[in-house]
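A short worksheet on the structure shown next.
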Amino acid sequence: MRIAIAADHNGYALKVRLTAWLTAHGHTVDDRGSNSEETLDYPPLCADVCRQVTEGRAERGIVLGGSGLGETVACNKIRGIRAGLCHDLWSTRISRGNNDSNVLVLAAKILTPEGAEEIVGTWLTTPFKGGVHARRLEQIAALERESART
C-alpha cells in the first residue's frame with residue numbers, strides 16, 4: 001500500500017520509526033515532512049498528506065503530532081478525508097471498520113513506539129464493514145457537499 005506520512009516536531013522521531021516499520025512490512029512510504037525536531041506549524045503538513053490521499057497519489061495517510069487533536073481537526077477540513085485519532089486498538093478498529101478512515105492521526109506524546117506500530121498494523125488491516133456504516137458515510141459526504149455550497 002502507498003502511504004503518505006507527515007509529522008510536526010513532536011512526532012518527528014516516531015515518524016522516522018514508523019516509516020522504517022512500514023517499509024519493512026512492504027508498504028511504499030511517501031515522507032511529506034517534517035525532517036527535524038524544529039518547531040513548525042502542522043496544518044500545511046496535514047493538508048499535504050490529505051491531498052495526497054484525495055488526489056489518489058496515496059491510498060492512505062498518517063499524520064503525527066503531540067496530542068493529535070489539532071491535526072485531526074485540520075485533516076477533517078479537507079473534503080473527502082475521514083481522519084481518525086487513535087490511541088488504542090478499539091478506537092483503531094472503529095476508525096476503519098465503521099468510519100472507513102483514510103487518514104490515521106497519532107499522538108506521539110501519548111503512544112509508545114511499539115503501541116504506535118500495533119495501531120498502524122491494525123489500522124492497515126481492518127476492513128470497512130459497509131452496511132449501516134456506508135449509509136452514515138454518505139450522510140457525512142452530504143454534509144460536506146452542503147457545506148461547500150454555503
Side-chain angles (χ1 to χ4, degrees), residues 1-129 133-134 136-137 140-141 143-145 147-148:
M1 186 177 301
R2 184 166 173 79
I3 301 165
I5 191 169
D8 72 358
H9 51 285
N10 292 303
Y12 171 73
L14 185 55
K15 180 193 70 147
V16 170
R17 179 168 174 148
L18 289 176
T19 297
W21 186 91
L22 288 161
T23 301
H25 284 82
H27 300 284
T28 302
V29 180
D30 181 7
D31 185 343
R32 309 299 297 176
S34 76
N35 296 311
S36 76
E37 292 181 339
E38 289 186 39
T39 302
L40 78 157
D41 296 332
Y42 60 82
L45 294 169
C46 295
D48 182 36
V49 165
C50 292
R51 288 193 178 101
Q52 297 304 308
V53 173
T54 60
E55 294 172 7
R57 291 189 292 273
E59 295 169 75
R60 299 216 194 139
I62 299 174
V63 175
L64 299 98
S67 71
L69 293 166
E71 290 82 2
T72 304
V73 171
C75 289
N76 282 316
K77 295 294 181 185
I78 306 297
R79 188 176 182 179
I81 291 299
R82 295 174 305 280
L85 173 60
C86 298
H87 295 304
D88 53 42
L89 296 181
W90 182 83
S91 60
T92 303
R93 288 184 187 104
I94 295 296
S95 175
R96 280 290 311 137
N98 295 14
N99 305 124
D100 197 21
S101 63
N102 50 11
V103 173
L104 172 64
V105 182
L106 296 174
K109 289 187 175 183
I110 295 173
L111 298 170
T112 65
E114 297 80 14
E117 290 171 352
E118 192 173 13
I119 287 170
V120 169
T122 299
W123 185 72
L124 290 171
T125 58
T126 299
F128 177 53
K129 294 177 184 176
H133 305 293
R136 293 171 185 158
L137 289 184
I140 291 169
L143 291 173
E144 283 183 331
R145 290 188 299 273
S147 177

For a quick test of reading the model, state the closest non-hydrogen atom pair linking [X] to [Y] and the distance between them.
X: L85; Y: S67; value: CD1-O, 3.8 Å
X: C46; Y: V63; value: SG-CG1, 3.8 Å
X: G121; Y: T125; value: O-OG1, 2.9 Å
X: A74; Y: Y42; value: CB-CE1, 4.4 Å
X: S101; Y: G84; value: CB-N, 4.2 Å
X: H9; Y: S34; value: N-OG, 4.3 Å

Kindly say whether W123 contributes a backbone atom to a donor-acceptor pair with the side chain of R60 at under 3.5 angstrom? yes

Quick check: does any side chain N or O of S91 sit under 3.5 Å from a backbone N or O of D88, one acting as donor and the other as acceptor? yes

Stepwise side-chain contact (heavy atoms from CB on, under 4.5 Å) test for V29 and I62: CA-CA 10 Å; V29 180; I62 299 174; over 6 Å; no

Looking at side-chain heavy atoms only, is the closest gap between [X] and [Y] below 4.5 Å?
X: L45; Y: L40; value: yes
X: R93; Y: K129; value: no
X: C50; Y: V103; value: yes
X: E118; Y: L89; value: yes
X: L124; Y: L104; value: no
X: N98; Y: R136; value: no

Mind checking the [atom1]-[atom2] spacing from [X] to [Y]? Nearest 0.5 Å is all I need.
X: H27; Y: L18; atom1: NE2; atom2: CG; result: 11.5 Å
X: R96; Y: N102; atom1: CZ; atom2: CG; result: 8.0 Å
X: T23; Y: W21; atom1: OG1; atom2: CH2; result: 10.5 Å
X: L64; Y: K109; atom1: CG; atom2: NZ; result: 13.5 Å
X: I140; Y: N99; atom1: CD1; atom2: CG; result: 6.5 Å
X: D100; Y: R82; atom1: CG; atom2: CZ; result: 4.5 Å

Is atom [atom1] of [X] surrounded by more than 12 heavy atoms (other residues, nucleotides or ligands) closer than 6.0 Å?
X: R51; atom1: CZ; answer: no
X: E38; atom1: CD; answer: no
X: D41; atom1: CG; answer: no

Candidate pair I78 and V53, rule side-chain contact (heavy atoms from CB on, under 4.5 Å), full reasoning: CA-CA 10 Å; I78 306 297; V53 173; over 6 Å; no

Going by the rule side-chain contact (heavy atoms from CB on, under 4.5 Å), which residues pair with Q52 if we only count those two or more places apart in sequence or in a different chain? A4, D30, R32, D48, R57, A58

